[in-house]
Amino acid sequence: MAVDTDVLEDDWWKQAVVYQVYPRSFKDSDGDGLGDLPGIIDKIPYLKALGIDAVWLSPFYPSALADGGYDVIDYRNVDPRLGTMGDFDSMADALHAAGLKLIVDIVPNHTSNLHPWFREALEAGRGSSGRDRYIFREGRGDHGELPPNDWRSLFGGPAWERVDDGQWYLHIFAREQPDLNWKDPRVHEDFQRTLRFWSDHGADGFRIDVAHGLAKELDDRPLDQMDPDAVGNTLSHDGTSPLWDRNEVHDIYREWRAVFNEYRPPRFAVGEAWVVPEHQYRYASPTELGQVFNFEFAKANWNREQMGTAIREGMEAADRSGSTTTWVMSNHDIPRHASRYGLPQVDATNYHQLANDWILRDGRSYREDRALGTRRARAAILMELALPGSVYIYQGEELGLFEVPDLPWDRLEDPTARRTHGSATEKGRDGCRVPLPWSSEDQPESAPWQATFGQGGSFGFSPDTKEDGTPSDDPHLPQPLWFKDFCVDLQEGDDSSMLALYRKALALRSEWMKKALASGLDLEERKDDVLTFRRADVSGSGGLVCMTNFGTNPVPVQDGSIVLASGALQEGMIPTDTTVWIRF
Ligand code: GLC
C-alpha cells in the first residue's frame, strides 16, 4: 500500500520542500546589480536539480525598497527593475512545466507610504474616508505634539509618525510602512482581489507576512517588548493583546479560505505568525490558512533538548490544527544557521541577541567556528528533512553559506540599520541577503576600500555586461571574497559539498519518504544527547530511523541499513554533530 497520490496532488504543500527566493539577491539577468524574474527563470534547472517542490518568492512588487520590498506600492504588479507581468507569467509557466509550484508573498499589515491609498489619505485630510484605510490618530499633549501612545517600531524609534496637518499614523515597522486598518471593508475587498489576481496568474499558494498582526485595538498599554523573538511570548496569549494574535485576525483568514477554495486545487497559505506554539494551530487550520511557520527550530540552540522540544511542539501543533507543521532554520530575517551553530551556544532566548551582537561587531566579538557550523548545518538538514511536514529552505543554505557580518555600514539596506545607525545598535538583516555566488570563474578583485569585499566580478550573480555592452553594476550588497569557496559550479562537481548533500537528501525524501512513510512520528525519550525518531512505512513493515548525535562521544547505530549520513562514521559509530538515516 502506498500513500494515496490523489490526496498528495491536492495537498501537495503538506509535505513539500519549499525554497525561498529573495528575488533581488538570487540572480541578476540584466546587469543592474539586482536579481530579477528572468534571472529566476534562468535558474529553474538548478532548482529542479536541487529536488525541491515549490518556490516561495519574497516580494517582487513595485517598491521604494525601504524594507527590502516589504513596502509595497502596487500589490498587483511587478517592480520594473525585476521584470514585467509578462516575465511573471513566463516564470510561472516555466516553473509549472518543471513540476514546481509557486508561492507568492502577500504583505497585508502595511503598504508603502508611496501606495496610492496612502497618498490619497494624506491629501484627503483628517476625518476623511481616505484616512480610514490606515490608523491615524490625534496626538497627546496640549498641541497634539506627543504620539498617541508609547508604542515602539520593531525597527527602532516610535511607532508613530506625524503628518503635515498634525495627525499621527501608526507604523509598527518602518515609517515608510503605514499600518492598514483592517476594520475598513475596502481593505478586505482589495486583498481578496489581490489573492485572486495572483491565483489567476499561476500562484499555487501564498506566504502571509506578519499574519498575526493585522487586527489591532489601540490602547495605552506600552508595548516596548517588541523584539521579534519576544513578540507573542511576553504578551498575553488570550487573544486580547492590542496588537498581536488577536481573535479577530482569524475572521480575515476564514474569508480568505473562501477565496482559496474557489480554485482547483484549492490554494493554500502559510502564515508568518510569531506566536506561541499553542496558538499556531489556529492559523494553520483547514478553515484558515492551511499552514503556519513554526519558528521553534530557528530559535533553538544546537542541543538535543531544545531541538527535541521544537520537534515535539511542532508535531503537537500539527495534530491540533489538522494540518502539517513546517520546519525552518533560516530565512531572510534571521542570521544564517551555519553561522549560528558555529557561535557559542547560549540560552535560546538570547541567541538572537548574541548573533546580533556578533554582527554588530563585524563578526569579531566571538569566534565563529566554521568547521563546526558546517558540520552541524549538515547534521541539521538531515534531521529536518526526515521530519513529516513541510521544510522551508532559504536560498544559499544549500551552499552552506555563512552570515556576512562585516558589511560596511554605508552599504547596508535594512531599515533596522538605518534607524539605529546614529546609535549603531543593530546592523540588521543584510548579512543573510547578500547575492548568491554562482560561478567561481567570475572572481571579483578585492576593492581598495575594503580588502575583504570584491569589486568587478560578482561570482556569476550578474552578467559581465549590460545589454548595451557597458560593464554590469556591482551587486546591490557587496559579496565577500570568501564566497569563492561556496560557488555553485564548484559544489556541483564535489560529492562532499553541502549542495551534494542537499541533493541526495532531497531525492531520498521525494522518492522514498514522501511516498512511503506515514505522517506520524515516534520521538524516542532518551536521557543522553542523541535525538532519535522513527517513522513507520505505511505498508506496516519497516521505515526510517533518524539519529542525530549532539553529544561528544560516538554512539552506536540502530539496526538497519544506513542510507545517508551527514558525515563519516567513526569505527561504525555516529560521531558528534552527525545525523544518519537508517532504513529498517
Ligand atoms: C516580515 C518580513 C520582514 C519584514 C517585515 C515587515 O517579518 O519577513 O522581512 O521586514 O515583515 O514587512
Side-chain angles (χ1 to χ4, degrees), residues 58-59 61 67 69-72 75 104-113 115 117-118 121 131-137 149 151-155 159-160 169-174 176-196 198 205-219 221 223 226 228 231-232 235-260 267-276 279-285 287-293 295 321 333:
S58 279
Y61 313 111
D67 179 21
Y70 284 92
D71 46 320
V72 180
Y75 286 87
V104 300
D105 215 313
I106 300 291
V107 189
N109 182 66
H110 43 262
T111 68
S112 158
N113 60 339
H115 189 286
W117 281 356
F118 195 71
R131 285 216 173 162
D132 276 353
R133 293 196 189 91
Y134 295 91
I135 302 180
F136 278 89
R137 292 287 185 276
N149 67 18
W151 292 3
R152 313 283 300 164
S153 151
L154 278 175
F155 293 151
W160 295 93
Y169 68 85
L170 179 71
H171 62 90
I172 292 300
F173 294 91
E176 296 89 348
Q177 295 169 296
D179 281 60
L180 282 165
N181 169 23
W182 275 88
K183 291 183 179 167
D184 187 321
R186 293 170 299 176
V187 173
H188 289 243
E189 279 156 29
D190 199 76
F191 273 91
Q192 291 177 24
R193 196 170 147 210
T194 296
L195 296 173
R196 290 193 182 96
W198 293 111
F206 302 95
R207 179 260 187 194
I208 311 301
D209 192 57
V210 199
H212 58 316
L214 276 46
K216 298 181 180 80
E217 196 61 60
L218 264 58
D219 65 21
R221 277 182 277 173
L223 290 187
M226 298 217 300
V231 165
L235 300 174
S236 54
H237 299 309
D238 56 2
T240 62
S241 148
L243 187 53
W244 303 116
D245 200 20
R246 288 181 65 78
N247 291 329
E248 303 92 271
V249 82
H250 299 287
D251 298 337
I252 301 171
Y253 302 133
R254 281 189 282 270
E255 260 172 45
W256 289 10
R257 172 49 53 192
V259 177
F260 300 153
R267 302 312 190 233
F268 96 105
V270 55
E272 185 215 21
W274 291 85
V275 299
V276 286
H279 269 206
Q280 289 174 2
Y281 77 97
R282 304 178 74 189
Y283 297 83
S285 92
T287 55
E288 296 192 23
L289 298 177
Q291 258 188 355
V292 67
F293 283 127
F295 290 120
S321 65
D333 292 329

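The basis for the numbers below is simple: all heavy atoms, side chains too, and nothing from hydrogens, waters or symmetry mates.
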Partner set under side-chain contact (heavy atoms from CB on, under 4.5 Å) for S112, not counting sequence neighbours: D71, I73, L114

Test side-chain contact (heavy atoms from CB on, under 4.5 Å) applied to V72 - qualifying residues, sequence neighbours left out: Y61, Y75, V107

Side chain proximity check, [X] to [Y], heavy atoms < 4.5 angstrom:
{"X": "F136", "Y": "N181", "value": "no"}
{"X": "D209", "Y": "P108", "value": "yes"}
{"X": "R137", "Y": "W160", "value": "yes"}
{"X": "K216", "Y": "N109", "value": "yes"}

Distance from [X] atom [atom1] to [Y] atom [atom2], nearest 0.5 Å?
{"X": "H250", "Y": "E288", "atom1": "NE2", "atom2": "CD", "value": "5.5 Å"}
{"X": "D105", "Y": "I208", "atom1": "CG", "atom2": "CD1", "value": "8.0 Å"}
{"X": "T194", "Y": "I106", "atom1": "OG1", "atom2": "CD1", "value": "6.0 Å"}

Please confirm whether the backbone N or O of [Y] pairs with a side-chain atom of [X], one donor and one acceptor, at under 3.5 Å?
{"X": "R207", "Y": "V270", "value": "no"}
{"X": "Q177", "Y": "A174", "value": "yes"}
{"X": "E272", "Y": "A211", "value": "no"}
{"X": "H212", "Y": "G271", "value": "no"}
{"X": "R152", "Y": "A159", "value": "no"}
{"X": "Q192", "Y": "V259", "value": "no"}

One pair to check against side-chain contact (heavy atoms from CB on, under 4.5 Å): H279 and V292. What are the steps and the verdict? CA-CA 10 Å; H279 269 206; V292 67; over 6 Å; no

F293 vs F295 aromatic rings, parallel, tilted or perpendicular, using cut-offs 30° and 60°? tilted

Does the pair H110 and H171 meet the rule for a side-chain contact (heavy atoms from CB on, under 4.5 Å), with working shown? CA-CA 8 Å; H110 43 262; H171 62 90; over 6 Å; no

Pick out which of N113, L180, V187 makes a side-chain contact (heavy atoms from CB on, under 4.5 Å) with Y134. L180

D179 and side-chain contact (heavy atoms from CB on, under 4.5 Å): which single residue from L214, T111, L170 fits? L170

Using the ring pair (Phe, Tyr, Trp, His ring centres under 6.0 Å) rule, pick out the option among W117, W182, F206 that qualifies with F191. W182

List the steps and the verdict of side-chain contact (heavy atoms from CB on, under 4.5 Å) for W244 and V275. CA-CA 8 Å; W244 303 116; V275 299; over 6 Å; no

side-chain hydrogen bond (donor to acceptor under 3.5 Å, both in side chains) with H188: which of E255, R193, K183? E255

Among side-chain atoms of S321 and Y283, is any donor-acceptor pair under 3.5 angstrom? no

Checking R282 against N247: is there a side-chain donor and acceptor pair closer than 3.5 Å? yes

Specify the closest pair of heavy atoms between Y253 and L289, including all atoms of both residues, with the distance to one decimal. CD2-CD2, 3.5 Å

